[in-house]
2 protein chains.
Amino acid sequence: MIGSDVIRGYCDTILLSLLAQGDSYGYEISRAIRERSGGAYVMKETTLYSAFARLEKRGFIASYQGRESRGRPRTYYTITAPGREYLREKLEEWRETRALMDRFTNTEEISKEES
Amino acid sequence: MIGSDVIRGYCDTILLSLLAQGDSYGYEISRAIRERSGGAYVMKETTLYSAFARLEKRGFIASYQGRESRGRPRTYYTITAPGREYLREKLEEWRETRALMDRFTNTEEISKEES
DNA sequence: TCTAACTACTACGTCAGACATAGTAAATAA
DNA sequence: TTATTTACTATGTCTGACGTAGTAGTTAGA
């Protein structure tokens with residue numbers, strides 16, 4: 001299970017990564033995250049939609065109303081050029097963070113004995 | 001540069017990892033993090049000491065006063081058995097998070113063209 | 001001896017992001 | 001008409017990382 005504290009700061013990156021593969025909408029993204037994580041991480045609706053709002057406000061994504069012939073109309077999101085640039089930066093930051101964490105944790109021998 | 005939002009949730013893990021290698025104190029840990037990250041991450045003093053307080057409160061570390069012959073006396077921290085167990089869990093969570101992030105980001109071809 | 005620099009902290013307050021809780025709303029199936 | 005699935009919105013909480021500021025002991029140098 002992945003806790004909210006450790007995923008914090010990566011939600012936006014996950015969303016942008018998914019939108020970089022094509023326009024999508026809330027429910028679909030939600031499902032994609034759950035499925036692609038094998039259930040290890042489920043992004044809450046409030047987290048998801050507030051992230052959308054934040055990203056749109058910053059100009060990293062744009063939205064438009066879909067015209068489905070069936071079902072409630074959805075709001076689709078699309079990544080913008082600044083959004084792709086931001087994603088690139090975030091991916092670089094992710095790589096740095098990963099390298100840092102690996103440096104601090106790989107080396108450890110966590111022995112069981114003594115306090 | 002690693003931002004505070006992406007490091008959030010990993011500070012405790014970093015500290016415990018370092019303490020798992022041997023008892024230490026604030027300044028030394030602070031220096032170790034700065035140096036071992038090549039300056040990419042500098043944990044602020046307030047962050048460091050409040051993390052110590054939090055971890056001690058939860059029983060994951062214990063403290064004792066050092067008796068140095070020179071310099072201001074320091075507070076040393078040592079990892080406890082529950083602390084080692086907690087560290088193991090956090091390291092597992094880190095591996096899961098890393099796998100998740102890699103799954104979401106590795107696949108992406110971030111092309112530069114179009115919005 | 002005065003000051004600066006280094007070491008080793010503490011207090012207080014801010015802020016943002018993830019989430020809990022709860023409700024709204026449209027369409028379809030039974 | 002009721003339940004179910006989809007598709008959201010509003011409001012508030014909580015925590016952790018950090019900004020700002022100050023305290024305090026020790027040592028080195030002028």
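As a basis for the values below, the full set of heavy atoms in this structure was taken, side chains included, without hydrogen atoms, waters or symmetry mates. Because the structure is predicted, anything quoted here is derived from the model rather than measured. In the text below, chain A, chain B and the rest are named by the order of the sequence lines, each starting its count at 1.
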Rounded to whole Å, the CZ-P distance (B:Phe52 to C:dT10) equals 11 Å
Side chain to side chain donor-acceptor pair (under 3.5 Å), paired with A:Asp23, selected from A:Tyr76, A:Tyr64, A:Tyr77
A:Tyr64
Any residue meeting side-chain hydrogen bond (donor to acceptor under 3.5 Å, both in side chains) with A:Glu93, in chain and number order, not counting sequence neighbours:
A:Lys90
Could you tell me how far apart B:Tyr49 (OH) and D:dC18 (P) are, to the nearest whole angstrom?
15 Å
Distance check needed: C:dA27 C1' versus A:Arg74 CZ, whole Å only.
11 Å
How many whole angstroms separate atom CZ of B:Arg31 from atom C1' of C:dA8?
11 Å
Here the distance between atom C1' of C:dC6 and atom OH of B:Tyr25, to the nearest Å, is 12 Å
Mutual orientation of the aromatic rings belonging to A:Trp94 and A:Tyr10 [parallel < 30°, tilted 30-60°, perpendicular > 60°]:
perpendicular
Rounded to the nearest 0.5 Å, the OG1 atom of A:Thr97 sits from the CZ atom of B:Arg98 at a distance of 13.0 Å
Within the 4.0 Å limit for protein heavy atoms, which parts of nucleotides 16-25 of chain C are touched? Write it as a string from 5' to 3', B for base, S for sugar-phosphate only, - for none.
BBSBBB---B
Here the distance between atom C1' of D:dA17 and atom CD1 of B:Ile14, to the nearest Å, is 12 Å
Between B:Tyr25 and B:Thr75, is there a side-chain heavy-atom distance shorter than 4.5 Å?
no
How close or far is atom C1' of D:dA17 from atom CE of B:Met1, stated in whole angstroms?
15 Å
To the nearest Å, give me how far apart CG (B:Leu48) and P (D:dC18) are.
11 Å
Give every donor-acceptor pair under 3.5 Å between a side-chain atom in residues 44-55 of chain B and any protein atom, sequence neighbours left out.
residue: B:Ser50; atom: OG; partner: B:Thr46; partner atom: O; Å: 2.7
residue: B:Ser50; atom: OG; partner: B:Thr47; partner atom: O; Å: 3.2
residue: B:Arg54; atom: NE; partner: B:Asp12; partner atom: OD2; Å: 3.3
residue: B:Arg54; atom: NH2; partner: B:Asp12; partner atom: OD1; Å: 2.8

